[in-house]
Amino acid sequence: MSDSEDDIPLSQINNGPIISKASTLILNAAPIDDSTPDPSEARTSVTISASQDKESSEDSDDIPLTQRKQQLETEKTLASDSDDDIPLADKRAATKQIMKQESSDDDDIPLAKKRKVQAKAKEVPVSKVASSPKRAASTVSTPAPSKKAKKDEVSKKKLKKEEEEREIYRWWEEQTSQRAGDNEDGGDGVIRWTELSHYGVLFPPEYVPHGIQMKYDGKPVTLTPEAEEVASFFAALLESDHGKNPTFQKNFFSDFREVLAKNPKNPRLERFDKCDFTPIWHQFQLDKERKKQLTKEEKLKLKEERQKIEEPFLFATVDGRKEQIGNFRIEPPGLFRGRGDHPKTGRLKRRVYPEQVTLNLGKESPIPPTLPGHKWGKIVHDQQATWLATWKENINDTSKYVFLAPNSSWKGQSDMKKFDKARELKNYVDKIRASYTADLKDKLSEVRQRATAMYLIDRLALRAGNEKGDEEADTVGCCSLRYEHVTLEPPNTVHFDFLGKDSIRYENTVQVDHQVFKNLKLFQNQVGEGHAIFDRLTTTGLNKHLNSCMPGLSAKVFRTYNASFTCQQQLDRLTNADDTLPDKILSFNRANREVAVLCNHQRAASKSHAQQMVKIEDKIRTIKYQRMKLRKQLFSLDASIKKKRPDLAEDESDLDDDWIMQHDIDTIAKEREKVQTKFHKQNEKRKADGEPLQPDSELKDRLAKVEDLKVQLDKERGGDISVAANMTVHKLLDRIARLDDRLNATKIQATDKEENKEISLGTSKMNYIDPRIIVAWCRSYDVPMEKVYSKTLVQKFRWAQDIPDDWKF
DNA sequence: CGTTAGACTTGGAACAATGTTC
DNA sequence: GAACATTGTTCCAAGTCTAACG
C-alpha cells in the first residue's frame with residue numbers, strides 16, 4: 001500500500017461539492033424508462049433523456065468535478081436544436097442495464113408472506129442470554145468481597161433485561177389482518193385502542209423569581225415576577241443568534257411591554273436599546289458554573305429527584321400493555337424560537353395550564369390528578385386517535401400533542417407501513433415514470449405541470465411544498481417553487497436555489513430531460529418573477545393523482561423510496577466481505593451520507609472543524625514519523641529486510657524535514673513543560689502533606705534528561721539510528737504492523753470527518769432508510785448492530801429485526 | 001371546489017452523557 | 001481527573017397530508 005495514494009481522497013473530497021454529487025446520484029438512482037408507449041411520437045425527447053441518463057450515471061462513477069464540467073461544456077457546444085444528431089448506440093444498453101439491475105432486486109415476495117418469517121425471532125433472546133454469562137464470567141477475577149454483590153447485580157440486570165424482553169409487544173409477529181393501520185384505505189375509521197390509561201401530562205414548575213435587576217437607561221429597575229420571568233427569557237438568549245436577531249428583539253420587546261403594562265408596579269420601558277439584560281445573563285452564567293461544579297453525588301441526587309417526579313408519567317397502558325410515552329411534558333413558557341426569517345420569532349410563548357389541556361383516555365380509566373386548584377380542560381375518548389393529550393400553543397394557534405414513544409407499537413406499526421409503502425412503489429415506479437414522461441407533453445398545462453413536478457420530486461427527492469401563509473417563514477418545496485428559485489441554462493441545465501424546510505438552503509445544479517427543461521422555461525415565462533412556477537398545481541391535486549397511480553401514494557413516499565433505494569444500492573456497491581470492521585463502518589457511513597445528501601440534510605459545521613482537521617492530520621503524521629523510525633531501526637538491525645519487504649523500504653509520504661524538525665521541537669517543548677508542571681504539582685502535594693520539598697536540583701536532573709532526549713532526536717534526524725539492546729526484528733515488525741493499523745484507522749476517521757462536516761446523517765437514518773436494509777446488511781457483513789444504531793434506534797426498529805438474512809429493499 | 005383544522009412525521013439545534021486525551 | 005470532543009437524547013418547530021367545513 002502506498003501512502004501517497006491513500007492520501008488523495010481526503011483532499012479531493014473537499015473539492016467535490018455536494019451539489020454535483022446529489023444530482024448524479026439521483027439521476028442514477030432513477031433510470032428513465034425508454035420504452036414509451038408511442039415511440040414515434042416520443043422519440044426525440046425520450047432518446048435524449050436516455051442519453052443523459054447514461055452520461056450522468058457515468059458521472060457518478062467518481063469522475064472528478066473538473067472533468068464533469070468539461071463534459072457539460074462539450075455538451076453545450078454540441079447541442080443544437082435538432083435533437084436527432086446525438087448518437088446513442090450503446091447508450092440504450094447502459095440504461096437497460098440499470099433497469100435490469102433494478103428489476104432483479106425485484107425478488108418481491110408478497111409482503112404478507114414475508115412478515116411470517118419468524119425463524120429469527122427465537123434467536124434474538126438467545127443471543128441476549130448468551131451475552132450475559134460472558135459478563136458474569138468476566139467478574140470472576142474481581143476481588144472476593146465485591147464478587148457476590150457484583151454477581152447479584154449482574155443477575156439482577158439479567159433478570160430485568162429478560163423481563164423487559166418479555167414485556168415487549170411483538171406485534172409484528174401477529175396476523176397482519178388484526179392490526180390497525182394495515183388497512184389499505186388509510187387510517188380512517190380505524191379503532192386504535194379499546195383501553196387507554198395514563199397519568200396525564202407534567203407541567204413545568206411555577207416561576208421562582210431570582211430578584212436580579214435588569215437595567216434601563218443605565219439604572220436598575222424592579223420588575224414584578226411575571227415581567228422578570230419574561231426579561232429572563234431574553235437574558236438567557238442574549239449571546240445567541242436569536243438574541244441578536246432584530247425581528248426577535250422587536251417581537252420580544254413588544255410582548256415584554258405588554259406584560260409590563262399589566263401591572264402598574266412595573267416601570268415603563270420605551271426603548272429596547274436602553275434595556276440592559278446583562279446582570280441577569282451574568283447570573284445565569286454563574287448558575288451554570290455552579291451546576292457544573294456540583295459533586296457526583298449531588299448530581300446523582302438531583303437526577304433521582306427528577307426521575308421520581310417523572311416516574312408516573314413514563315408509561316401508558318394500551319389494551320393492557322405497557323407502552324412508553326414520548327413527550328409527557330407540557331412545553332414550558334419561553335420566547336418562540338422560529339427558524340429562518342420567521343415573522344413571529346421572539347414572541348412570548350405563554351405558560352399552559354390544565355384548563356387548556358385535553359386528555360384522551362379510555363372511558364373506564366381514572367382521570368389523573370393535576371395541579372392543585374386546577375382542572376383539566378376536557379377529557380375525550382377518541383379511539384381513532386393515538387394522542388394522549390393535546391393543547392393549543394398561542395403563537396401560531398397550532399396543536400401540540402403528547403404521543404407514545406418511537407419504540408411503541410403505534411409508532412412502529414406506522415413506521416413499518418411507511419416503509420412497506422415505499423417498497424411497494426418499487427413495483428409501480430417504472431410505470432409511473434413512463435406515464436409522467438408522456439405527460440410532460442400534455443396539452444393541458446395542469447397535467448404538464450403535474451408531470452414536471454413529479455419528475456422533480458422523483459429525481460431530486462424534493463418535498464411536496466404546501467402553500468404557506470404570510471405569518472410564516474418564506475420557504476418552499478416543489479409545488480411552491482417560484483420563478484426566482486430556478487435558473488435555466490440551455491440546453492438543459494437547471495440551477496436550483498431556494499430555502500426549504502427549516503430555511504435550509506437547497507442549492508443544486510442538474511441536467512434534466514429536455515422536455516422538462518422546455519416546460520420549466522415555458523412555465524417561468526408565463527408567471528414571471530415572484531410567482532409560483534406551477535401555478536395550476538396544488539399539493540392536494542398532485543397527491544390525488546399520485547393516489548390514482550398507486551393506492552396510498554403521496555409525494556413524500558418518493559423521498560422515502562429514493563432514500564431507501566439509494567442506501568441499499570450504495571451498501572451493496574461499497575461493502576466488501578473481507579474489509580476490516582472500520583472499513584465496513586466507513587462504507588456504511590458513506591451510504592448513509594449519500595442518502596443525507598440526496599435529502600439535503602445539513603448541519604452547521606462546527607466552528608472548530610478546520611482546527612480539528614489540522615489536529616488529526618498532525619496525528620497521522622506523528623504515526624508516520626514513529627513508523628519511519630521503527631523502519632530505520634529495523635534496517636539497521638537487518639539490512640536484508642529491505643529486499644524481503646519492499647513495502648517497508650518505501651518512504652512515508654508528506655513527512656518533510658521541516659515538519660520533522662518542528663515536530664521534534666514541539667515534542668521537546670511539551671516534554672519540558674510536562675516535567676515542570678509535574679515537579680511543581682508534586683511539591684505542592686508534599687507541602688500540603690507537610691513533607692520536605694524536592695530540591696531544585698531534582699528538577700534540573702529531570703530537565704537534563706529531556707535535553708538528552710533532544711540530543712538523541714537531533715542525532716536521529718542526522719541519520720544516526722540507535723536501537724535498544726533488547727530489540728529484535730520480530731518485535732519491530734510487530735510494532736510496525738500495529739502502527740499501520742492505527743494509521744489506517746486514523747486515516748479513515750479523518751476522511752469520514754471531512755466528508756461529514758456539513759452533513760447530518762441522523763435524520764435519514766431515523767426517518768428514511770428502511771431499517772430492514774440495515775439489519776440485513778449488519779447480518780451479512782457481521783457488523784454488530786450497535787455500531788450503526790444507537791440504543792434508542794435499536795429499540796425503535798425492533799420490528800425490523802426479525803427478517804431473513806437476504807432481505808432486500 | 002378552495003380553505004382550514006387536525007394529526008401525524010420530519011428536522012436541526014440545544015443540551016446531556018459519555019468517551020478520549022493530556 | 002479535568003478539559004475537551006463526540007455521540008446520543010430531548011426539545012419543539014416545521015413540514016406533509018387527509019378530512020371536514022362552508
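The figures here come from the full heavy-atom set of this structure, side chains too, leaving out hydrogens, waters and symmetry mates. Every chain is numbered from 1, with letters handed out A, B, ... down the list of sequences.
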Any [X] side-chain nitrogen or oxygen under 4.0 Å from OP1 or OP2 of [N]:
| X | N | answer |
| --- | --- | --- |
| A:Ser399 | B:dA7 | no |
| A:Thr792 | C:dT9 | yes |
| A:Asn466 | C:dT16 | yes |
| A:Thr475 | C:dA14 | no |
| A:Thr538 | B:dG2 | no |
| A:Thr540 | B:dG2 | no |
| A:Arg463 | B:dT9 | no |
| A:Lys299 | B:dA17 | no |
| A:Arg329 | C:dC11 | yes |
| A:Arg559 | B:dG11 | yes |
| A:Tyr768 | B:dT9 | no |
| A:Asn543 | C:dC17 | yes |
| A:Lys392 | B:dG6 | yes |
| A:Lys501 | B:dT9 | no |

Classify the nucleic acid contact of [X] as base, sugar-phosphate or nothing, counting any heavy atom under 4.0 Å across all strands shown.
| X | value |
| --- | --- |
| A:Phe403 | base |
| A:Thr386 | sugar-phosphate |
| A:Arg603 | sugar-phosphate |
| A:Gly762 | nothing |
| A:Thr398 | nothing |
| A:Ala604 | sugar-phosphate |
| A:Gly477 | nothing |
| A:Lys765 | nothing |
| A:Pro406 | nothing |

- Message: On DNA chain B, compare the nucleotides closest to A:Ser764 and A:Asp397; which residue's is nearer the 5' end?
- Response: A:Asp397
- Message: Between A:Lys303 and A:Thr763, which residue's closest nucleotide on DNA chain B lies nearer the 5′ terminus?
- Response: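 Its nucleotide being nearer the 5' end, the pick is A:Thr763.
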- Let me know, please, whether A:Arg337 or A:Cys478 comes out on the 5' side of the other along DNA chain C by nearest nucleotide. A:Arg337
- Message: Both A:Met766 and A:Gly340 contact DNA chain C. Taking the nearest nucleotide for each, which residue is further toward the 5' end?
- Response: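 Between the two, 5'-proximity favours A:Met766.
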Would you kindly give the [atom1]-to-[atom2] distance between [X] and [N], to the nearest whole Å?
| X | N | atom1 | atom2 | value |
| --- | --- | --- | --- | --- |
| A:Asn396 | B:dT4 | CG | P | 15 Å |
| A:Leu335 | B:dA13 | CG | P | 19 Å |
| A:Leu793 | C:dT9 | CG | P | 7 Å |
| A:Leu553 | C:dT18 | CG | C1' | 15 Å |
| A:Asp474 | C:dA13 | CG | C1' | 17 Å |
| A:His342 | C:dA14 | NE2 | P | 6 Å |
| A:Asn600 | B:dG11 | CG | C1' | 12 Å |
| A:Gln795 | C:dG8 | CD | P | 14 Å |

When you measure from the side chain of [X], which nucleotide among [options] comes out closest?
| X | options | result |
| --- | --- | --- |
| A:Asp502 | C:dG15, B:dG11, C:dA13 | B:dG11 |
| A:Lys418 | C:dA14, B:dT10, B:dA16 | B:dT10 |
| A:Ala464 | B:dG11, C:dT16, C:dG15 | C:dT16 |
| A:Tyr401 | B:dC8, C:dA14, B:dG11 | B:dC8 |
| A:Asp382 | B:dT9, B:dG11, B:dA7 | B:dA7 |

- Message: Can you confirm whether or not the ring centre of A:His342 sits under 6.0 Å from the ring centre of A:Phe248?
- Response: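 No, too far apart.
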- Message: Do A:Leu542 and A:Ile457 have side chains that approach each other closer than 4.5 Å (heavy atoms only, starting at C-beta)?
- Response: yes
- Task: Taking the side chain as every heavy atom from C-beta outward, state whether A:Ile330 and A:Tyr353 have any atom pair closer than 4.5 Å.
- Result: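 Side chain of A:Ile330 against side chain of A:Tyr353, heavy atoms only: no contact under 4.5 Å found.
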- Task: Not counting sequence neighbours, which residues clear ring pair (Phe, Tyr, Trp, His ring centres under 6.0 Å) with A:Phe252? List them please.
- Result: A:Phe234, A:Phe256, A:Phe277
- Query: With A:Phe315, which residues qualify under ring pair (Phe, Tyr, Trp, His ring centres under 6.0 Å), at least two apart?
  - Reply: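 For A:Phe315, no residue satisfies ring pair (Phe, Tyr, Trp, His ring centres under 6.0 Å) once neighbours in sequence are set aside.
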- Distance col, row A:Leu300:CG vs A:Glu305:CD, nearest 0.5 angstrom, shows 10.5 Å
- Message: Using a distance-only criterion (donor-acceptor N/O pair, under 3.5 Å, no hydrogens), is the base of B:dT10 paired with the side chain of A:Lys556?
- Response: no
- Query: Has A:Lys787 got its NZ or CZ under 6.0 Å from the middle of the six-membered ring of A:Phe588, at an angle within 45 degrees of the ring axis?
  - Reply: no
- Message: Distance alone, cut at 3.5 Å: any donor-acceptor contact between the side chains of A:Arg536 and A:Ser445?
- Response: yes
